[in-house]
Amino acid sequence: MKEKELRRSLSVLPIGTVMKLTDLSARQIRYYEQQGLVIPERNEGNRRMYSLNNVDQLLEIKDYLSEGINMAGIRHIYEQQKEREHAKQEQMQKSLTDTDVRRILREEIKAVGGLADRADKLSVHKKKL
DNA sequence: CTTCTCACA
DNA sequence: TGTGAGGA
C-alpha cells in the first residue's frame, strides 16, 4: 500500500498540465509557490515539475480561496498543520519509549519466572503488558 | 511551442 | 492577478 503514495509523489507534470487540472493560471500557481505553498521540483531545465500530491494541494488551496480565505489565512492553516505533525512525532517517540519499557518489563518477568514462580504474581503483570 | 523571470501604461 | 518582454 506504499507504492501508490510513491507514485503520487513523483513529479512528472509540467505547469501546463497542472493549469488544466486545477483551472488555475500559471501566474497563480507560481505565486502560491512564492508564498511557500506547493513547492514543485525543478527538472534539469529549471522547469517546474509537479506531483499528483502537489495538484491535490493546489486544489485544496483553491477551495480555501473560494471560501473567502486569503493567502495569510492559508499560511496560518499551514503552520497549524506543521505544529500538529510535530506534536505527532513527539507522541511517536513517547510510544516507542513505552514499547521499550514494556519489552524490558517483559524480560524482567521472564527472568523472575525462571528463578521463582509465583503464578499469581506473574499473571497480574502479564495482564498489564 | 512551452516555460521562466521580471516588471508595470 | 493579468500581461508582455526577452531569453532558454
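These figures come from a predicted structure and were not determined experimentally. Below, chain A is the first sequence line, B the second, and so on; all start at residue 1.
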> Does the side chain of A:Arg47 come under 3.5 Å of the side chain of A:Asn43 through a donor N or O and an acceptor N or O?
Replying inline: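 A:Arg47 vs A:Asn43: no donor-acceptor pair found between side chains.
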>> We want to know whether A:Asp98 and A:Ser95 form a side-chain donor-acceptor pair, criterion being a heavy-atom distance below 3.5 angstrom.
In response: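 Judged by distance alone, the side chains do not pair up.
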> Pairing of DNA chain C as dot-bracket, 5' to 3': ( ) intra-strand, [ ] crossing, | other strand, . unpaired, with Watson-Crick or G-U pairs under 3.5 Å?
Replying inline: .|||||.|
Please report the interatomic distance [atom1]([X]) to [atom2]([Y]), rounded to the nearest 0.5 Å.
X       : Y       : atom1 : atom2 : answer
A:Tyr50 : A:Thr17 : OH    : OG1   : 11.0 Å
A:Ser11 : A:Arg42 : OG    : CZ    : 11.5 Å
A:Ile61 : A:Ile69 : CD1   : CD1   : 11.5 Å

> Given C:dT1, is OP1 or OP2 found less than 4.0 Å from the side-chain N or O atoms of A:Tyr32?
Replying inline: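 Answer yes for this pair, as a side-chain N or O of A:Tyr32 is under 4.0 Å from OP1 or OP2.
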> Would A:Arg103 and A:Glu107 satisfy salt bridge (Lys or Arg N to Asp or Glu O under 4.0 Å), going step by step from the backbone distance to the final call?
Replying inline: CA-CA 6 Å; A:Arg103 176 176 54 70; A:Glu107 291 176 357; 3.6 Å; yes
Nearest-Å distance, [atom1] ([X]) to [atom2] ([N])?
X       : N     : atom1 : atom2 : answer
A:Gln28 : C:dG2 : CD    : C1'   : 10 Å
A:Met49 : B:dT3 : CE    : P     : 10 Å
A:Gln34 : C:dG2 : CD    : P     : 14 Å
A:Ile29 : B:dT2 : CD1   : P     : 15 Å
A:Glu33 : C:dT1 : CD    : P     : 14 Å
A:Asn43 : B:dT2 : CG    : C1'   : 11 Å

Just by distance, do the side chain of [X] and the backbone of [Y] share a donor-acceptor pair under 3.5 Å?
X       : Y       : answer
A:Asn54 : A:Ser51 : yes
A:Lys62 : A:Leu24 : no
A:Gln28 : A:Ser25 : yes

>> I want to confirm an ordering. Mapping A:Arg47 and A:Ala26 to their closest nucleotides on DNA chain C, which one lands closer to the 5' end?
In response: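 Of the two residues, A:Ala26 wins.
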Report, one pair per line, the protein and nucleotides 5-9 of chain B atoms (nitrogen or oxygen only) whose separation is under 3.5 Å.
unit_1, atom_1, unit_2, atom_2, d
B:dT5, OP1, A:Arg42, NH1, 3.3
B:dT5, OP1, A:Arg42, NH2, 3.2
B:dT5, OP2, A:Arg48, NH2, 2.1

> Charged N to carboxylate O under 4.0 angstrom, A:Glu90 versus A:Arg84?
Replying inline: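 A:Arg84 and A:Glu90: not salt-bridged.
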> Taking all atoms of both residues into account, what is the closest heavy-atom pair of A:Leu65 and A:Met71, and its distance?
Replying inline: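 A:Leu65 and A:Met71 have their closest heavy atoms at CD1-CE, 3.4 Å.
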> Taking DNA chain C as the partner, which of residues 55-77 of chain A come within under 4.0 angstrom of it by heavy atom?
Replying inline: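 Close to the strand, none.
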